[in-house]
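A short worksheet on the structure shown next.
This is a predicted model, so every value here is computed, not measured.
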Amino acid sequence: MTEPHLTTDQLAARWGLRPSTLKSQRARGVGPPYETAERLASPLGAPRVRYSLAQIQAFEAAHNITPLEP
């Protein structure tokens, strides 16, 4: 069974941020852990960056973040 994941847009909505904020955090090497799919392994138009829901929940607990959307 595949673990649930969030896209950048979904996580931004969950935290009340703009997607560009998460992109900036990734570029600076800060913020929540994420995974990138190989360019050739992703279907055309599919998001390449994704966040493991379990890791996001652990990050929220460790950093005292309350999501706006569950």
Side-chain angles (χ1 to χ4, degrees):
M1 185 172 188
T2 305
E3 175 184 357
H5 286 82
L6 301 174
T7 65
T8 300
D9 290 341
Q10 291 169 329
L11 182 57
R14 179 181 176 98
W15 287 355
L17 301 173
R18 294 178 11 195
S20 61
T21 301
L22 292 170
K23 291 176 186 177
S24 174
Q25 288 178 349
R26 288 195 308 263
R28 292 187 326 234
V30 299
Y34 65 94
E35 303 166 3
T36 55
E38 292 294 327
R39 201 170 286 223
L40 296 176
S42 299
L44 187 61
R48 290 186 51 218
V49 174
R50 61 187 193 161
Y51 299 86
S52 160
L53 182 56
Q55 288 182 331
I56 290 302
Q57 291 169 333
F59 186 86
E60 290 170 344
H63 294 87
N64 201 23
I65 297 172
T66 303
L68 299 176
E69 297 181 8

Can you list everything that forms a side-chain contact (heavy atoms from CB on, under 4.5 Å) with [X]? Sequence neighbours excluded, please.
X     : result
Pro4  : Leu53
Ser24 : Arg28
Gln55 : Pro33, Ser52

Original post:
Just one of Leu6, Thr36, Thr7 clears the side-chain contact (heavy atoms from CB on, under 4.5 Å) bar with Val49, so which one?
Top reply: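 Result for side-chain contact (heavy atoms from CB on, under 4.5 Å) with Val49: Thr36.
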Subject >> From CG (Leu17) to CG (Leu68), nearest 0.5 Å >> reply: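 It is 8.5 Å, given to the nearest 0.5 Å.
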State, yes or no, whether a side-chain contact exists between [X] and [Y] at a heavy-atom distance under 4.5 Å.
X     : Y     : answer
Trp15 : Leu22 : yes
Arg14 : Ile56 : yes
Ile65 : Phe59 : yes

Original post:
For Ala61, does its backbone N or O pair with a side-chain atom of His63 as donor and acceptor, under 3.5 Å?
Top reply: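 Between the backbone of Ala61 and the side chain of His63 there is no qualifying donor-acceptor contact (under 3.5 Å).
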Subject >> Taking every non-hydrogen atom, the tightest pair across Pro19 and Ala12 >> reply: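 Result for this residue pair: N-CB, 3.7 Å.
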Subject >> Considering all heavy atoms, the nearest Gly31-Gln25 contact >> reply: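 Scanning both residues completely, I find the closest heavy atoms to be CA-OE1, 3.8 Å.
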Subject >> Contact list for residues 16-25, test salt bridge (Lys or Arg N to Asp or Glu O under 4.0 Å), sequence neighbours left out >> reply: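 Output for this query is empty, none listed.
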Subject >> Other ILVMFWY residues reachable from Val30 by side-chain steps of under 4.5 Å >> reply: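 None; Val30 is a cluster of one.
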Original post:
With Tyr51, which residues qualify under side-chain hydrogen bond (donor to acceptor under 3.5 Å, both in side chains), at least two apart?
Top reply: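 Partners of Tyr51 under the side-chain hydrogen bond (donor to acceptor under 3.5 Å, both in side chains) test: Arg26.
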Subject >> Full working for side-chain contact (heavy atoms from CB on, under 4.5 Å) between Gln10 and His5 >> reply: CA-CA 9 Å; Gln10 291 169 329; His5 286 82; over 6 Å; no
